Every structure is written in structure tokens, then in C-alpha cells.
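Since the model is a prediction, treat every value here as computed from it, not as a measurement.
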Amino acid sequence: MSTMENTTKANDENKVEKNTHFIHQIIEEDIRTGKHEGRVHTRFPPEPNGYLHIGHAKSICLNFGTAEKYNGLCNLRFDDTNPVKEDTEYVDSIKEDIRWLGFNWDEREFYASDYFDQIFEYAIKLIQKEKAYVCDMTAEEMSNSRGTPTISGKESPFRNRSVVENLELFYAMKAGKFHDGEKTLRAKIDMESPNMHMRDPVLYRILHAEHHRTGNKWCIYPMYDFAHGQSDSIESITHSICTLEFEVHRPLYEWCIKELEIYAPRQIEFARLNLNYTVMSKRKLLELVKNNFVSGWDDPRMPTICGLRRRGYTAVAIRNFAEIVGVAKRDNVIDVALLEHCVREDLNKKAIRIMGVMNPVKVVIDNYPDGQEEYLDAVNNPEDESAGKRQIPFSKEIYIEKDDFMENPPKKYFRLSPGNEVRLRYAYFIRCTHIIKNSSGEITEIHCTYDPASKGGNSPDGRKVQSTIHWVSVKHAKTVEVRLYDRLFSKENPDENEEGKDYKDYLNPHSLEVIQAYAEPFVEVADKSLKYQFERIGYFCFDKDSIANHLVFNRTVTLRDSYKPAGK
RNA sequence: UGACCGAUGGUGUAAUUGGCAACACAACUGAUUUUGGUUCAGUAGAGUUCAGGUUCGAAACCUGAUCGGUCAACCA
């Protein structure tokens, strides 16, 4: 019976259980009713004007994941309709990040700019249908006449130009006869609409700017609202999934499709991801980079995908996180602890265990022969036998963590203290006999005796110790740089600021601590592309700054620590 | 005050679509453990924003209120 249960359990664990949320319910209903002949086709549409962050990861997982789940397709489409903000640098980084997350778009890489000719024709059609007109108002005039959410707007004096005149002017706009801002093409909808986006929105604006893909072919560019739905339509997208702020755009999205009489995809909105102790807006992230609060977009403290990657996060962890947080329409703030849980879960299975001392204090084993050294067996990963074993050098003098010794230990302190015996992992039992301090009272040496019979970590007499601590042989220790990262902000919601302050005032001054640590010699031959756990400390990865004689480790996340000093 | 959207333990997401609120994270016990890790077992914590209504029965449906979000770029 227990065998049955185990089998069932194991099978369940292997399945990455996909949550069925409201979007999938809509899709399943569409499949059931035969809409789009049961086809499912999504798209991920980033604007190439910045780096992707964990919030985009959620959207990527949703769009690509949905396509996978329903045997459909997902297009990668760059929403590049604003040349002054966009650049190929960003399209490259976006592609790298999506690929790293493990999604594939094969031949389905698109650009809204690919459709500029078609979208221009759409505009012509609207003009011919008397549903669009060229407007001469300045941005300011237009803003003034638009009204407010509670006060309806006023119609443009150019609203009733003839089709012929509109056509003529629009072609002139395209031909570069006007300066930036001089004219726009506007939809003729309803200046009294309670929805601001329906008050004759701008469809095309004049921008004498070089586009990263179309060069100088165009000097007029479609607005988001006149490009997005049409692009979806052209690509036969079935479900156009976007974030909540586009909810009020949906009537316009649908208006364009309807007036153009083209294939109609369905726009569905969901709540974007928010994480506590960080900021997510592109503007703020950019500001952090520009003002050197962080080292760059891939600073391991950044919530960017490249930052998380450099920090040591795995794609599996992020995808799993995206799955766990779910998809809904209510505003949310996810606890970073959940993200951290997801990496730990993955890294626990993958990370090679190594020994390293971050904050050393020397231990001298008085009864260990001078000059002797030996190599002890250690398992590389207790969670994965196939990871194999390695040997660690041991000698008379070792470093242990300062935290692992207390001269006057509180009640439940199990580690080394005067008279107490502990196990050195994979080595011996040692007992503290005395300590040596310097003139200022700091402990400089801890003296111990070891039990030669306890080699490997077990005493033949069966006696137990309450604690096992890690160590590094002084003689064999390799000095490495370790970057201890912590959350970027010390406030849960840096955006919610008190008077006269802004999010930057809540930057955590201790978000990065760089230390020199001692590690076992194995680090010098370790595969730099793998993940590691410094035993009892946390998960780490090699930073790209590592060079032959200067290894650099980034702390991805600490291990969970259930030790609570008495009184706390 | 206009339109649209939302409201379920500390956090996030569920609830066979009207049948006595579940899962995960976080917290806390205990067991196991050569990582105070892992694993395992368990505890606590919401009666579903509020008020009415429909119903044998409401987290779900209706009405109203309250609170929160989004929208007034020639950004996306």
C-alpha cells in the first residue's frame, strides 16, 4: 500500500501542475465552442526600450506557457512604433532573456514596424470611411480640448475636413511636408465619450526620427492604439493578453478592428506582478542604473531577468514562480520570500556543496600532528548521488565561522564553546579547550583537541554531538571574493513614500557587502557555469567578474535558518 | 464627482460555477538529519469589505454603499 502511495506521489511531483485561471477558462470555452477552429495563438509584445524584468517573466510564461498548454503558437513581437525610445540593443537583450527562460519562438519573430505599410493602408481606409481626419491642433490645444474624465471634450475645428482634403494632407504628412507635431491623424469617434481614449484619439503622429529597423523610410508613426490590435489581427492572434492598464483601451482596440473590418482577436487583461522590497517601473529601474545606485541593468540586486540570472537564479525557479503566483485581475504584491523559496527549491536539488568560511576565526587542534595533512571524503550533493564525491584537505589549523563559536553560549546554542564538542563536517569531533585573545579582547585562536577515532565524522563509541560545523584548512584555503546581496530596498513598498521622500530614500545601504572569504581548493577547478552551496551559508554562483586568480562569488540567497537565539 | 475594473487568513491563488472555504509561501511545534539545510508529521490563522435581497442553501447571483486601482502623452 505504501508503495502505491509513493508511486502516486512521485508521479504527482513530476507534473508541473498548471493552474487553470480565468484566462485559461476563457480559452477552454473558446475551444469548446469552436471559436477560431480551436486554435490558440498568443503573443508577447515588448517594446524594445528597456530590459525585461520579473514582471515581464510572468507575462512571457503566461503567453508562451498558454500556447504550449493548448498546443498553440506564441509570437514574439516587438512593439516598435516609437523610434525615439527604441533600440536594437534592447531587442537583443529581450531575445536573450526569453531564450534563457527556455521559450522558443522559432520563425515567429515579428515587429510592428513590419506592418507599417499595412497600417498606413488601414489609416487610408478609415479616412475614406470618414472615420479619421487630419488635425492641425498642437499637442497643447488638443489636450485642452479633450476635457477631463468628468467634463466632455470639444470637437476639433478640423474634424469635418473632406475625405479628399484629409487624404491629401495625410499623404503630405507621409511625404515629410510637415514638421514634428504640426499635424496628426485622429480617429473620429466621440469627444463626449466617458472613456477618454475614445475622444478622437491620435492615430498617427509626425516623427522625423530614424527607426532602428525601417531607417528613414517613415516620418509618421502609428500610435500604440492604432498598431497593436492591427498587428494582433494581421498575425491571427486569438487571445491578446495584456496588463490591466489597457482595460480602458479595449473599446478603442475593438473600434479599430470593427471599422477596419478585419479579423478580430480578443484582448484579455490580467494584473501585473508586483514584488515587495523592490521597484518595477522601467523609469525607476533606469534611474537606478543611470545614477549608479546599482552597477547596471544586470546588477544582481535588480529585479531584471538579467539581474536575477547574474544573481544565480535559475530559469526553472523563475518559471515555477510565475506558475505559483497565479493570474488574476486584482492588484497584488508578491512577497519576495516566495521567489526566494522557488530558487532554494531548485538549487537544493542542483547545487554542489562546498565549504567556505565567510567570517573566519582560527582553530588550532593541539593534539593533531604538526605538519600533517590528509584528504577527507565529502559528498558533492546529498540530494543527488550522481553528483559524486570529492576530497577536502585537513590540517592542524583551520578556519571556522566566527558565529560558530561563543565564549558564553546561551541555552540552545549547539555550536562550539569552551568544553563543548562538535563535529567538523566530514572530518573529526573536536572539543574546545581554551581560547586566546588579543589585547583588545578579540578572540584570535580557539584551541581544541580532536578525537582521532572520529575520522569522517563518526565516533566508534556512538557518542553524539549536537552540531556539525563547516571549516577550511588554513594551509589550503583559497581566498575568494564573495558578494553578499540583500534586498535593494529596506522598505516593503518603496513607492509608497512619506512626505518629501521618494523611493530612492529607501535604498538598503546594506544591499551589497563585499567580503574576502576562505574556500576549499575545489573552487579553483569548479565549473563556473554551475550553482553552488557554501554549506550552512547559502547558494552561490560565480560572477562573470571572476578571473583565474580572482574568483568572485555572488550570493543568490541564504539558506533558511531556523536557529533563533534565545530571547528572540 | 465620469467610465471601466477589482475586493477571500500576514501574502498570493483556489473553491466541481449556488452545496457547509482549499493549496502554496510566511509563522509556529515536533521528528529525522554529518548543513540549526533537506525531508516528514503537525499547529495556529479568514467565515469571504459592509448592508439589504433572491434561494432550502450565497464567497459566488441582484441592489446599494465603502474601499482600492486604471484612464485626461502626438508613450507603450
Take atom [atom1] of [X] and atom [atom2] of [N], then tell me their distance rounded to the nearest Å.
X        : N      : atom1 : atom2 : value
A:Asn380 : B:rU35 : CG    : C1'   : 14 Å
A:Asn332 : B:rU11 : CG    : P     : 12 Å
A:Asp335 : B:rG12 : CG    : P     : 9 Å
A:Met173 : B:rC74 : CE    : C1'   : 9 Å
A:Arg330 : B:rC4  : CZ    : P     : 22 Å
A:Ile469 : B:rG37 : CD1   : C1'   : 16 Å
A:Glu345 : B:rA26 : CD    : C1'   : 15 Å
A:Arg272 : B:rA76 : CZ    : P     : 15 Å

Under 4.0 Å, heavy atoms only, any strand: does A:Pro382 hit a base, just the sugar-phosphate, or nothing?
base

With heavy atoms under 4.0 Å as the rule, sort A:Lys412 into base, sugar-phosphate or nothing.
base

For [Y], does the six-membered ring have the charged nitrogen or CZ of [X] within the cation-pi criterion, i.e. under 6.0 angstrom from the centroid and within 45° of the normal?
X        : Y        : result
A:Lys531 : A:Phe540 : no
A:Arg213 : A:Tyr111 : yes
A:Arg390 : A:Phe522 : yes
A:Arg487 : A:Tyr277 : yes

Give the nucleotide from the list [options] with an atom nearest to the side chain of [X].
X        : options                : answer
A:Lys564 : B:rC28, B:rA76, B:rA3  : B:rC28
A:Pro194 : B:rC25, B:rA76, B:rA3  : B:rA3
A:Met142 : B:rC5, B:rC74, B:rU17  : B:rC74
A:Ala337 : B:rA76, B:rC25, B:rG36 : B:rC25
A:Glu47  : B:rG12, B:rC75, B:rG36 : B:rC75
A:Phe414 : B:rC74, B:rU13, B:rG36 : B:rG36

Applying a 3.5 Å limit to both distances, which nucleotide forms a Watson-Crick or G-U wobble pair with [N]?
N      : result
B:rA65 : B:rU49
B:rA60 : none
B:rA41 : B:rU29
B:rA73 : none
B:rU8  : none
B:rG36 : none
B:rU13 : B:rA22

A:Arg43 versus A:His228, side-chain donor and acceptor atoms under 3.5 Å
yes

Partner of A:Asn144 under side chain to side chain contact (heavy atoms under 4.5 Å, CB included), picked from A:Glu140, A:Glu141, A:Arg146, A:Met142, is A:Glu140

Could you tell me whether A:Glu29 and A:Arg32 make a salt bridge, using a distance below 4.0 angstrom between a side-chain N and a carboxylate O?
yes

Can you tell me, in whole Å, how much space there is between the [atom1] of [N] and that of [M]?
N      : M      : atom1 : value
B:rG12 : B:rU17 : P     : 27 Å
B:rC62 : B:rG19 : P     : 16 Å
B:rU16 : B:rA59 : C1'   : 15 Å

Mind telling me whether B:rA73 is syn or anti, cutoff 90° either side of 0?
syn

